Structures are given as structure tokens and as C-alpha cells.
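Structure record follows, encoded as C-alpha cells.
Everything quoted here is computed from the prediction, not taken from an experiment. Residue numbers begin at 1 in each chain, while the letters A, B, ... track the order of the sequences.
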Amino acid sequence: MQPTRLSRGAIYSILLLWCIVAAFPLFWMVNTSFKLPGESFGSLTTLFPRDPTLRNYTQVAQLVPLGRNLLNSIIVAGVGTVVTVFLCSLAGYAFAKFEFPGKNALFFLLLATMMVPPEAGVVPLFAIMRALGWINNLLALIVPTAATAIGIFYMRQYISSFPGEVMEQARIDGAGDFRIYWQIVLPVITPALGVWASLAFIARWNDFFWPLLFMRSREMYTLMVAISVLPVSEGLATPWPVIMAGTTIAVVPLIVAYLLLQGLQREGLAIGAVKG
Amino acid sequence: MTSPSLRSRIWKNRQIYLFISPFFILFIIFQLTPMVWSLYLSFHEWSGLGDPKFIGLGNYRFLLRDSVFHSALLNTLFYWVANALLIIPLALALASLLNVRWLRGKRIFRTTVFLPYVTATVAVGLIFGMLFDYNSGLVNDLLTRLGFAAVPWRISTQWSKLPIVFLIVWRVTPWHALILFSGLQAIPPDLYEAATMDGAGALRRFFSITIPSLMPILFFSFITLTIDSFRIFTEPYILTQGGPANSSISVVQYLYINGFSIFKLGLASAVGYALTLILLLVSFGQVMAMRRQSGLTQVG
């Protein structure tokens, strides 16, 4: 059935408007970050900065230890993602391809843990971190989410759909279970690894609650905590251009990576089909 | 099954247990232990120094009386209802638009509308703080240009919850739209063809085919939205600090303040348990409601 010209126009207009609403706040953030302090950032009449300046960026670097905070975010998101993708896919492989006593009960337990909000035990968790000496230590952000229920669940679903014959052949040839995982399963599940790695990276990079709790010194802040203190670090009037410079630094790397991934992926990464 | 054979089967699979052990070890240390300890603490008064003092149900009784906790709970319920009413219809509309067969540039549209979800909540909070600023925000600038009065978004007890809802709707709708989009693609096209042949209009097809086929995914979307709504923290923390006069404070924020600002650790633990209980009840209620409808049992 061919659409009428009217419905065609309406649908394209709505989608276009939707894209503008989605992208505008980000555009406004970048655009404000290049404005001079005196310039208006609350009116469409000054759509672009009159006199683009990098002053706000240097000021962010003076207010917070920016390089160190950036490095912390990269370590937490990078190392955390590699570890979680490895451990989740290994456990997912075990649940998908093996029969062992207690398997169903353990898998049910794993799913049940997803219903309990992790914020509920946060007071004792802080005490545990202190006992481990992990306050102001990036391990506090990497280790607890090194293997997550939802990640294992996702990997199990994906690996289940992969036929077992190749594995059987490898086993006859004398390969151990771990070698089969490493040499046969991993190469086949690269799409799932890619999806999960992207989601895990986004979740860790954007995380705020846990670094706010466990990182108590300016040097150990991640980028998200660092930009959250920008509004209070300067006098009474809110220095919006400086804050926007901070958020731009925190947000743009991820958006660029996301756009690159979308461009590279022929089928379009099914990002967001599951949560990190 | 006799026990020696069970033991030998476990021994034979020892490597497999090793593969799945990291999750369970981490779960015991970082989730189970805190939960059990938290239960113990919730019956005590403790500031972190000295020994916890047993006060029975004192903390829970305090929560029943405390007006700040009531605000936190009511605000959180407001966020949940507002999110559900706005996000799910919007996400369904967006997913349906993206699923139109003759649409060109699908990938560009999809990539662009998904941008908000990639943006960190903290950053969005700061950006919306600027846009909804009373004196110098773009939103009030537009409103006054159109002849309306400027709205004290973040500084009045009446309005403070709205920017938070807008923030969440803006950031999370694309995620739900993508989930629903994948569900739409799974509906067999011949269902629609048959209905068209029988003379059903677009609206009729939407309500008698799309919605029923999408029920399991809508349900998943709703459960996720519910859990996320009850865990709201960053949005009010950044945008309004929970104020003014606690008019936008959330339950997790109330927990955070008690645990890490004024060090009422027993009370904070009790809040954690109250939150867990509420979530389990709500999720359970939703599953039961879905079960009652026929043909949808595979979801629960």
C-alpha cells in the first residue's frame, strides 16, 4: 500500500522534530562551552558563540585535576569492561553448554539477584570497602561488577543458539573446556562480545552513584564526579560555560565512539537491546 | 540419585564450577553480606562509631512518621507514574515511526534519537539545569517570548519535579523505543495483510494486532521502568539537590543523606529494606496482573 503524500510528510516531520529534540541539548552544551562568561547562553538569538574561546576548558583544568580524573574514568571503564566481558562470557558458556548438578538452581538464583536493588545494602558495603582498604581505590569500582547477572544471562542466551558439533569435534581432538572456550567459542561470539562491551563501557563511564560513594578525594574522582562538583566550586553565580566545558569533556568521547561504532557496523549495532 | 555418584559428578565438573564461580563469589561478598548486615543494622541505632544499639523496630517506626521520608516516597511514586505515562506511549510512537516500511534514512534517525541515552545522567542533569534556569535558561526565554510567564522550574516546590521528569523522559525514551522496535519487527506481516483484507483501518490494526502482539515486550519495558524509577538518585541530586524543601527528593537520595551526610546508619539500612520490599511487592503485583491475562504466561 502506498502512503499518501500527507502521511509521508507528517511522519518525516515528526521524526525530524524528534531528532532535533534529541540532539539540541547536546548542541547547546558544546556551543555554550565556547562562549565568553558575559555572553548570553539562554537565548536562541545567540545561537553560536560570538567569539569562540577555549578559556572555559582551561578553567575546568584549573578547578579539578582533569587529567587524573580522565585517566581514572578510562581505567575504570576500560579495565572493567575487559574483565566483565571475559567473566560473563565464560560463565555464560558454562550455563549454555554444560550439564552439572545444581545448574538450574544456580541459574535461578542468578536471575533472582537482579530483582534486589544494590543501593539497599550500601551502608555495610561502604564498611566492607573500607575494611578492604578500597576507599579511594579504583578496585572498588571495577571488582564488584566484574561479573554481573545480566551479562551472564545475555551471554548464555547468545551462546545457546550456537551449535555444539564443533565443540564436540574439538573435544574428541583432546581440547579442554577452557581451550574450547578460548579458541572456538570466543571467535564465534564476537558480535555479542562487541554489543556487551559497548554497553558495559557506557554503564561504567557514565556511572555516578558508586564513584560518588567510594572515591572521596579529588584525585580519585572519575570524570562524572569531577563535573558534578563544578557548580559549587566557584562563587555564587553559576558558571554555566565552565560547567558545559566539563560536561563536554565527559560526554563527547563516548558520543564520538558511539557514532563511529554505528558507522562501522554494517547492520547497525543493536545497542540498547539489553542493558549494561 | 546416590550421594557418591553426585559427589563424583560434581568433582567431574569442577572446572565448570570454576567458570561460574566469580559471579557467586562477588555476589556473596558485595551483595549478600551487605544485605544481611543491613538487616541487622536496620534494627539498631548506629553512627559508625562504637557499638550499634538495639532499638527493635524503632527505625521503621520513625520512617512511618517522618515527613521527609513521606515526601521521598510520594515523589518517587510521582516519578514512576509520570515516567510510565510519558515514556511508554512516546517510545511506542517512536518505535512505530521507525518501523514504517517505506521510511528512508532509518539508520540516521535511529542513531540520532538514541544519542540521549549515550549521554551520562550527570551531564544531562547539568545541561538541563542550565536550560531550566529561572533567570537565564533557554526554556524560560522561549516561554516569555511566546507570551507566557517564566516558570520557577527548579526553585519552587510546585514545579521542581517536572524538570526531573523531562530529563528522565528525554534520556530513557530511546532505550524503550529500541526494545519495542525489536518487538515490532517480530510481528509477522501477514497478520496485518489479513486484517487489511478484512477491512480493518490503521487504528484498528494498531489496537487489535500491534498492542496484543507487543504485550510481553511492553511488560518487560514496564518492569524495567519501574525498577529504574524506584532507584532514581542522580537526577534530583544534580538538578535540584532534592529541594526546595524536599519537594523533589527521592527514596535513594533520602537513603544517601541518612547514610553518608548525617550518619544515621541504622535508619539508612531500614530505608534500603523498605525500598527492597516495595520493589519486590510492585514487581510481584505486576507479574500477577500479567498472569491473569491469558496467553501471556510465558513472560512471568
Which region of [X], side chain (C-beta onward) or backbone (N, CA, C, O), has a non-hydrogen atom less than 4.5 Å from a non-hydrogen atom of chain B, or is it both or neither?
X        : answer
A:Leu106 : both
A:Ile249 : neither
A:Phe24  : side chain
A:Phe178 : both
A:Ala146 : both
A:Thr32  : side chain
A:Met244 : side chain
A:Arg156 : neither
A:Val143 : both
A:Leu254 : both

Between A:Met129 and B:Phe30, the two heavy atoms sitting closest are CE-CE2, 3.4 Å
**Message:** To check you understand the geometry: which heavy-atom pair defines the closest contact between A:Pro124 and B:Leu41, and what is its length?
**Reply:**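 Shortest heavy-atom separation between A:Pro124 and B:Leu41 comes out as CG-CD1, 4.2 Å.
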Pick one of side chain, backbone, both or neither for [X], based on which atoms fall under 4.5 Å of a heavy atom in chain A.
X        : value
B:Trp37  : both
B:Thr173 : side chain
B:Ile127 : both
B:Leu142 : side chain
B:Leu126 : both
B:Tyr40  : neither
B:Asp133 : side chain

Check: What do the steps show when you test A:Trp18 against B:Leu94 for side-chain contact (heavy atoms from CB on, under 4.5 Å), and what is the final call?
Finding: CA-CA 9 Å; A:Trp18 207 303; B:Leu94 181 57; 3.6 Å; yes
Quick check against the 3.5 Å criterion: does [X] have a side-chain atom that pairs as donor or acceptor with the backbone of [Y]?
X        : Y        : value
B:Tyr256 : A:Glu119 : no
A:Asn206 : B:Val118 : yes
A:Tyr258 : B:Thr111 : yes

| message | If we check ring-ring contact (aromatic ring centres under 6.0 Å, His included) with A:Phe100, which of these qualifies: B:Trp11, B:Tyr17, B:Phe19? | response |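 That would be B:Tyr17; it is the only one of B:Trp11, B:Tyr17, B:Phe19 passing the ring-ring contact (aromatic ring centres under 6.0 Å, His included) with A:Phe100.
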Could you check whether atom [atom1] of [X] has more than 12 heavy atoms from other residues, nucleotides or ligands sitting under 6.0 Å from it?
X        : atom1 : answer
B:Arg14  : CZ    : yes
B:Lys106 : NZ    : yes
B:Ile108 : CD1   : no

Would you please classify the geometry between the A:Phe209 ring and the B:Phe233 ring as parallel, tilted or perpendicular, with 30° and 60° separating the classes?
->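 Plane angle over 60°, so perpendicular.
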* Go through the steps for A:Phe107 and B:Ile20 under the test side-chain contact (heavy atoms from CB on, under 4.5 Å), then give the verdict. => CA-CA 10 Å; A:Phe107 193 68; B:Ile20 61 168; over 6 Å; no
Pair A:Leu110-B:Phe27, side-chain contact (heavy atoms from CB on, under 4.5 Å): steps then yes or no: CA-CA 9 Å; A:Leu110 181 123; B:Phe27 169 71; over 6 Å; no
What parts of residues 259-267 of chain B touch chain A if we use heavy atoms and a cut-off under 4.5 Å?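 Against chain A, the residues of residues 259-267 of chain B that fall inside the cut-off (heavy atoms, under 4.5 Å) are B:Gly259, B:Phe260, B:Leu265.
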